[in-house]
Structure formats: structure tokens, C-alpha cells
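Here the structure comes first, spelled out in C-alpha cells, and everything after it is commentary.
Naming convention: chains lettered A, B, ... in sequence-line order (proteins, then strands); numbering from 1 in each chain.
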Amino acid sequence: MPRSPSPSPPAGQPSTASDAGDAVKAIYVFANEKGGMTDINRGKINEIIAQLSQSSAYTAKLLKSDRRVDETVALLQQKLQRSDEGARRSAAAVVARQVAALEASRRADRCCAVIDFDMFYAAVEIRDRPELADKPVAVGGIGMISTANYVARRWGVRSAMPGFIGQALCRQLVFVRPDFAKYTAVAEVARAIFREYDPKMTAGSLDEAYLDLTDHLHKRARDGGGGGAGDDSGDCDGGGEGERRGTALTGEALGELAGEVVGEIRARVKEATRGLTTSAGIGPNFLLAKIAADVRKPDGQFCTGWSREAVLSFLAPLPVRKVPGVGRVMEKARARKDGAASAVCELLSRAAEARLLFTPGSADSLLRKSLGWEEGGREEAAGEALQKGISCERTFRPTGDEAELGETLRRLCASLAEEMAARQLRGRTVTLKMKTSDFDLLTRDSSAARPVGAAEELQARAVMPLTVAD
DNA sequence: ATACATACC
DNA sequence: GACTGGTATGTAT
């Protein structure tokens, strides 16, 4: 057994992380990820991760893609240098106009909430095996961890971290196999409750729900405080907009009532799921509610407020990475000159730059988000959004054996076809996705004249592009 | 239409 | 030795 030094968290003194070198950079996302505790021993953690990652094909691939991103960012910077005074001025003018227009239309009459379970999979497993409660637990396997409980997080174990690294960080780490059927059942219990408050609630994933509470809050205000969600059969039939809104229930009043209601929802969910906790965000739209849901995690809730001042003072200091849609790459592209990640206020103050660098759509999107506006202002396109794609993928041992690859493809197509049949879905474009042992991802697709769904059709379509090229 | 990148959980 | 799987969307050609 390799006797790797464990960071030993609970008693461990906050060793000031020797801000690790280059090799660490690529995977430093793990030790940094949100949701973690204060980083005790981060230096140690990074060291172990770096050690295990160096010379792996995966790390090589990450470094390569990192370099590519750096090149792109450098190109953007050049582009900015070369831009002339006129272009800059007109970009600034456009931004100023947009900001004014957006501010003029800030609304205070809507209330959204995002509710998600804390360390969902792990919480379910620990609920069912209470002896795990004070142990470090990871749901997943040696290949990949999907959720870690808070005890494990103190050792630096994170979601989306490969299991063998988790194990090196914490040798007592208990692995539990995921049981998706069970999580789906639990999620359904919660969703039934959510629907009492918003029949049109949507699910972001198994453990995350988006609720527009506006109608419910008005109903509450009208009918007087009382408990319960109002027997759903009662007065919320399909009519839609019909609710009279006599009360001027806006802004902070909306938020105050929403706080109570969300507290009630979370208590009911906890009760109905035998103790599972949730965190929630409340705000004037889903974007803000979503960001706010991260603030009081675990087992808490936070409301952004409705006024421009409240919203901006909430958003301004946040790292841009907290904004949904801004990932590793955009964070880097918008980083400050000294390389440090920008805060949302800098996104805003440099909005004109973004307009010069990105497509108008991307620039708009960034600007809207940095002002706390929901993307696209989508008023729900009537019908429930139809599914755009369906897929089935598996990672397996590298092989060059064509028969073996063919058999794998056959199995994948068969299970995909089964799933499509069950959900009554078909599709016109079939994409074959391949991953090499170097972690290079390739896709090849071909579109049919009419939708297909049968296993044989999928398989035939999948190999079609291969026979032509390569 | 195709290929690939990015992002989220 | 081991670094997921499912879905959506953006960008370039």
C-alpha cells in the first residue's frame, strides 16, 4: 500500500498553502471548488492531487486544452489592442444604452426560488445507513465520485473528482455505489411538494428545482397567513392569469413572504424525506435565485432582494464563476490583467470590452447576467420544452479490436433504442462520439431524412460517417 | 449540416 | 491503474 501522507483535516492546523507550481494548476479546480469547507491543508491536498495526476494522460490533455485556451485569450487581448478609438467608443455607447434600458425595465413583481438538496446522493445514502453519518462518504466509485459528504470534503474530496484521488486524500473514505432509482424516488417526493406551490415547477436535475412562487404568494396574501399550500384542488385550476392581484405585493414584501413560504417548503421536504436538508435561493428571477441558493448552503436560504441596489450589492463582489454559464474558460477570458479572477462588478465595468471581443449574443448575455437579469427573459414558450437530444455513452478500456468496438457500439445502440422507445422519442441526427485513450474527443454525425429510433438504424447511422472519411 | 467546445449537475 | 454520463447550447465553417 502506498503510504501517502493524509492531510488529516479535523485537527490539522491551517497550513498556509505553498501556492503550488505549474503541474498543480491544471487540476487546482478540485481543491478550490465551491461547496467546500474552509481549506484546511490546501497545500497538502494540492500536493497529493498533483502527485497522482502528473504523467497521466488526463492531465496531459487538460494542460493541452489549457494552453489552447491561453492562446485564445491572448488573441482576444490582441484584438482589443488593435481596436480603434471609434470602435471602443461605440461599444461603450451601446453598453450604456443597454444598461439604461435594462434598468428601466427592472421588475419587482415576480418571485422565484431555486431549491436544491445538500449533497443529495450522499445524504440519501447516509440517511439509510446512519452509521455512516460521521464518516467521510463518497457516492461513486474508484473512477469517479459524484457526491461527497461534508466530512469527506474536509479532506479535500469533491464531486467530480476521480475516486482514486479521493481515496489518496482520505484513506478512510467510504465508497457507496450510486442507486439512481432510489434518488429518483426521493426526488419525486420533493417534487410533489414543490408542485403544490408551483404546478409548473421545473427540475434542473434530480436534486434541483425551479419554482415561480408569484401566484402562490398572491394567493397566500389574499387568503391570509395560514399554513399549508392550499389544497391544490381548490382554486388553482388551469385558468392561468386569472388571479386578481389586488394586493400590491412587490419587492421586499414579496421577499418576506417568500422567505416564510420557502422555509415551510424546506421543512415539509425534510419531513417527507425523513430528514434530508435543502438549500434555497429567492429572488426576482431564476438567475438570481440560482446564485442565491449557493449562499447559505447547507440547510439554509438566502434572498437577494429586488431593488437595483440590493441586487447589485449582492452580485458585484461575487467571483464571475458564480454566474451560471460562466465556466472555467470564460473566467479565464475575463480575468484581470494580473491573472486573478474577476468579480461580477468588473464584468460590468468592462462590458464594452466584451462587446468588442465576443459575438453580440455572448456580450449581451454577459451584460444581462452581470446586472442580475435573466437570460433571454424567457416567458416560457407555452408548451413544455421538448427534449432536444438523447444519448448513451460509456467509457471502457482502450482497445483497437474492431470486433470489440463494434460489439460495444451495438450494445450502446440497443440500450439507447430501448430508452428512446420507452420515452417515445426519435431523432434525425445520429452522433457517434468517441474518446481516445489520450482523452481526445471526436464526434461524427449524420442526419437522416426522417427520424430514426430503432437500434439497427441508430447503429447503421452511427458508423456511416466512418466509412466515408478516415 | 457538421464538428467541436463549453457548461451544468 | 483508475478522470463519468446526460443534456443543452454556442461558435465556426
Would you tell me whether D445(A) and T429(A) have side-chain atoms, one donor and one acceptor, within less than 3.5 Å of each other? no

Lys/Arg-Asp/Glu bridge criterion (N-O < 4.0 Å) met for K369(A), E374(A): no

Could you identify which residues of residues 389-401 of chain A place a heavy atom less than 4.0 Å from some atom of DNA chain C, listed by residue number, or say none? G389(A), I390(A), S391(A), C392(A), E393(A), R394(A), T395(A), R397(A)

Candidate nucleotides dA2(C), dA3(B), dC9(B), ranked by approach to the side chain of D445(A) - the nearest: dA3(B)

Tell me what S446(A) touches on the nucleic acid: a base, only sugar-phosphate, or nothing, going by heavy atoms under 4.0 Å. sugar-phosphate

Distance check needed: dT9(C) C1' versus D364(A) CG, whole Å only. 16 Å

So, do I165(A) and L169(A) sit near enough that their side-chain heavy atoms are less than 4.5 Å apart? yes

Within the pair R444(A) and dA1(B), is there a side-chain N or O less than 4.0 Å away from OP1 or OP2? no

At less than 4.0 Å, is any side-chain N or O atom of K332(A) found next to OP1 or OP2 of dT6(B)? Yes or no. no

Charged N to carboxylate O under 4.0 angstrom, E353(A) versus R334(A)? yes

List the steps and the verdict of salt bridge (Lys or Arg N to Asp or Glu O under 4.0 Å) for K322(A) and D294(A). CA-CA 9 Å; K322(A) 294 278 182 185; D294(A) 210 43; 2.9 Å; yes

Which one, dC3(C), dA1(B), dA7(B), comes nearest to the side chain of V329(A)? dA7(B)

Ignoring the backbone of V69(A), work out which of dA7(B), dC3(C), dT6(B) is nearest its side chain. dT6(B)

Between K433(A) and I142(A), name the one whose nearest nucleotide on DNA chain C is closer to the 5' end. I142(A)

Which residue lies toward the 5' end of DNA chain B, K290(A) or L441(A), if each is placed at its nearest nucleotide? L441(A)

Would you check if F286(A) and D212(A) make a side-chain contact, meaning some heavy-atom pair closer than 4.5 Å? yes

How long is the line joining CZ of R158(A) and C1' of dC3(C), in whole Å? 17 Å

Gap between atoms CD and P, on E208(A) and dA8(C) respectively (whole Å): 15 Å

Does F194(A) have any ring pair (Phe, Tyr, Trp, His ring centres under 6.0 Å) partners at least two apart in sequence or in another chain, and if so, which? none

Let's test your reading of the model: under 3.5 Å, does the base of dC3(C) pair with the side chain of S53(A) as donor and acceptor? yes

Under 4.0 Å, counting only non-hydrogen atoms across every strand here, what does T359(A) touch: a base, just sugar-phosphate, or nothing? sugar-phosphate

Give the rounded distance in Å between these two atoms: CD of E331(A) and C1' of dC8(B). 15 Å

Output the rounded distance in Å from CG (D438(A)) to P (dC3(C)). 13 Å

From NZ of K369(A) over to P of dG10(C), roughly how many Å is that when rounded to an integer? 9 Å

Within the structure, does a side-chain N or O atom of R423(A) lie under 4.0 Å from either OP1 or OP2 of dG6(C)? no

Side-chain N or O of T431(A) versus OP1/OP2 of dA3(B): is the shortest distance under 4.0 Å? no

Among dA1(B), dC3(C), dA7(B), which nucleotide sits nearest the side chain of Y58(A)? dC3(C)

Quick note, Q387(A) side chain, CB onward, closest among dT7(C), dA1(B), dC4(B) is dT7(C)

Could you check whether D116(A) gets within reach of a base, just the sugar-phosphate, or nothing at all, counting any heavy atom under 4.0 Å? nothing

Side chain of M144(A), heavy atoms from C-beta onward: which of dC3(C), dA2(C), dT7(C) has the nearest atom to it? dC3(C)

Just to confirm, is there a sub-4.0 Å distance from OP1 or OP2 of dT6(B) to any side-chain nitrogen or oxygen of R321(A)? no

Does any donor atom in the side chain of R368(A) or Q98(A) lie under 3.5 Å from an acceptor atom in the other side chain? no

F358(A) atom CZ is separated from dT9(C) atom C1', nearest whole Å, by 16 Å

Quick test of your reading: applying salt bridge (charged side-chain N to carboxylate O under 4.0 Å, His left out), list the pairs with at least one residue in residues 402-414 of chain A, sequence neighbours left out, ordered by first then second residue. E407(A)-R410(A), E407(A)-R411(A)

Select base, sugar-phosphate, or nothing to describe what R461(A) touches, counting heavy atoms under 4.0 Å on all strands. nothing

Phosphate-side-chain proximity, T443(A) and dA3(B), N/O vs OP1/OP2 below 4.0 Å: no

Counting side-chain heavy atoms from C-beta on, which of dT7(C), dC3(C), dA8(C) comes nearest to K388(A)? dA8(C)

The answer to which of L416(A) and F439(A) contacts DNA chain C further toward the 5' end, by nearest nucleotide, is F439(A)

